[in-house]
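Here is the structure we will look at.
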Amino acid sequence: MDLQADLTRAIQQAIQSLYTDSSTAAPEPGPVLLQPTKKEFAGAFTYVTFPLTKPLRLAPAEIGQRLGTWLVANSPLVSAFNVVQGFLNISLSDSAYIQSLNGFMAKQQQRVETTDGERVMVEFSSPNTNKPLHLGHLRNIFLGDSVSRILAENGYTVTKTCLVNDRGIHICKSMLAYQKFGQQPDGTFETPQSAGLKGDHLIGKYYVLFDKALKAKIAELVAGGMAEDEAAKKAPVMQQAQEMLRKWEQGDAETVALWEQLNAWVYAGFAETYQKAGISFDKTYYESQTYLLGKDVVEEGLAKGVFYQKEDKSVWIDLTAEGLDHKLVLRGDGTSVYITQDLGTTDLKFSDYHSTRSLWVVGNEQDYHFKVLFAIMKRLGRPYADGCYHLSYGMVDLPTGKMKSREGTVVDADDLIDEVAAVAAQAADEAAKGKLDEFTEVEKKDLFRMIGLGALKYYLLKVDPQKRMLFNPEESVDVHGHTGPFIQYVYARIRSVLRKAEESGLVTNGTADETAAPADHPLHETERDVILILGQYAQALALAGRDYAPSYMAQYVYDLAKAYNRLFAEVSILSEPDAAKTQLRLNLSAAVGETIRKGMGLLGIEVPEKM
RNA sequence: GGUCCCAUAGCUCAGUUGGAUAGAGCAUCUUCCUUCUAAGAAGGCGGUCGUUGGUUCGAAUCCAACUGGGAUCACCA
């Protein structure tokens, strides 16, 4: 049973039975909205009576009084009420709480089969192959991964995809620098093995070397009197990189071989990072295979009159009716621009998977691009256009300001993941107090990885994606307060209690009966709180899915963990003399533990048996 | 200049569809471990919700203008 839903129905009944037969016009029942009662008042839920005052022409407090009286008399859910101004505060009966918990546990034990849900595609990560992943990618990746899990839990059939930007001038820059500077004294070329670097880091190193060489040349040309932007184009290394891109596009064997070699190293590097972070994809698209797509979409648009052509042959669309501008979709020389490929890739993704919804997890600097893309798809009459959604997120700033790759202030993803594990290990030294003595070194390492990553993921996911966020390195690995490790800790506590219970022969999957809370031994306030929050899980999950918002789930799991911790501090479980209460609390603990595990799982965060 | 996003406690952030005296965490100050994990709990301190108007029984929330910050408006991706 769902306490809130049942109470809502009871209130609707109360309104109907009290007021429909009165001489005044029957009030439109409308949506009855409940809110949690504020802590300073008695009650679990509060019904606001103000909206009824007008149709009933009665004072809000009077309505509250009559509704409350009716509820106590007629609904077994309601045990008491009080009215403050127009607010009807409703207390629930202990039997309602116990039924709610039993219902929750019964539902928890059912395996929900989500076989044939609506198809949704989530594209995220989408890195360039010329440098390693960094903190900004991590926000993207964790978001995409978590949203995918949340949608799957909501019954969708989710396809996680990654569009790798594996071609273009950026990778040619790395390739050129590698050719120029990659030869070792012994004549061989550097490899990840010989350099002792992950492949993506090795290629990133050459990208930096290219940039250095280019800057030096620009400085030289500027000193000779050339304008800086012109110098950037005229610099020989830049021209050579452009030449390399032309060769690649012509399929020059040597260039393609080099490109394949470097990209292979980068993919191996990415794979390692994803694996460490617990991320996987169902399908990877490569831009080298899709960048020529989209030209036929341009043709189609021209034929349909959606696009128009200028004298120089360039193709445009007029989106002023949508509040946007005129947008170029194909260059005058017939080559693609960014959006041309996206037109083709979007069609390709749809024809591959027939998703009725499609999400792009991409930074908010591309808000305009996606507005244009979706508007075009709609004009072209694509049936999936309405299901397209840009899950936009803000930049991650450092305490020192913006991350800038050119200034070397970028936080590397691999370094960060290693570092958070190291800090978690340090925290354990101070806090574990022998709890981990029986752990092997391997188990400890895995635990610290789990905690470090839990801290990092939670830190990045608890914030509303739309907002720009500040990454404070110290807070990101904090294990106290509103953090991932705090929640992991509560889970470990619960597991510890349940292990001890099992050792004493107690089971935790039974249901509690009402003898756990006879009239003279009512439920503890903290027990009621925890049961109420458990009952909100389904709603939190649904809302997180509706709004693509892992932050809702992050907040929910925290609230639950916090409420349980309060209970843990205030009542005893195993040393409670009343066996029925012990049973109830064990059931409650098991239900909370499972819900934490599941909720954290939806954030891509694992929880430990001990910590 | 046009368009879009953001602004809540010293700091970092919550705040469903408008509801009571706006909530957490960090920092700081007090308490509480011979008892189920103190990586914890309880409490104190801390706010003109950027500003000004408007809508209404009621606005952090909706509307308008303004201020501050960011992004974008490329035949770059």
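Letters A, B, ... mirror the listed sequences (proteins, then strands); counts begin at 1.
- Ring geometry for A:Phe374 against A:Phe370 counts as tilted: the plane angle lies between 30° and 60°, on a 0 to 90° scale.
- Proximity note for A:Tyr368 (side chain, C-beta onward) versus B:A41, B:A20, B:U72: the nearest is B:U72.
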Q: Can you check each nucleotide of nucleotides 6-14 of chain B against protein heavy atoms at under 4.0 Å and return B for base, S for sugar-phosphate only, - for none, in 5' to 3' order?
A: SS----SSS
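- Dashed line: the shortest gap from a side-chain N or O of A:Arg331 to OP1 or OP2 of B:A77 is under 4.0 Å.
- Phosphate contact (OP1/OP2 of B:G40, side-chain N/O of A:Arg566, threshold under 4.0 Å): absent.
- Within the 4.0 angstrom heavy-atom criterion, no nucleotide atom of any strand lies near A:Thr483.
- In this structure, A:Arg139 is not positioned above the aromatic face of A:Tyr393 in the sense of NZ or CZ being under 6.0 Å from the six-membered ring centre and within 45° of the axis.
- Nucleotide B:C26 has B:G10 as its partner under the Watson-Crick or G-U criteria, with both atom distances under 3.5 Å.
- B:C62 is paired with B:G54 under the Watson-Crick or G-U wobble criterion, all donor-acceptor distances under 3.5 Å.
- Across every strand in view, B:U34 sits unpaired, with no contact that passes the Watson-Crick or G-U test at under 3.5 angstrom.
- Across every strand in view, B:C49 sits unpaired, with no contact that passes the Watson-Crick or G-U test at under 3.5 angstrom.
- Of all nucleotides present, only B:U3 satisfies the Watson-Crick or G-U wobble test against B:A71, with each distance under 3.5 Å.
- Two rings, from A:Tyr558 and A:Tyr458, have their centers 6.0 Å or more apart.
- Nucleic acid contact class of A:Val479 (heavy atoms, under 4.0 Å, all strands): base.
- Among the nucleotides B:C57, B:A39, B:A71, the one closest to the side chain of A:Phe50 is B:C57.
- Counting non-hydrogen atoms under 4.0 angstrom, A:Glu287 reaches the backbone sugars and phosphates but no base.
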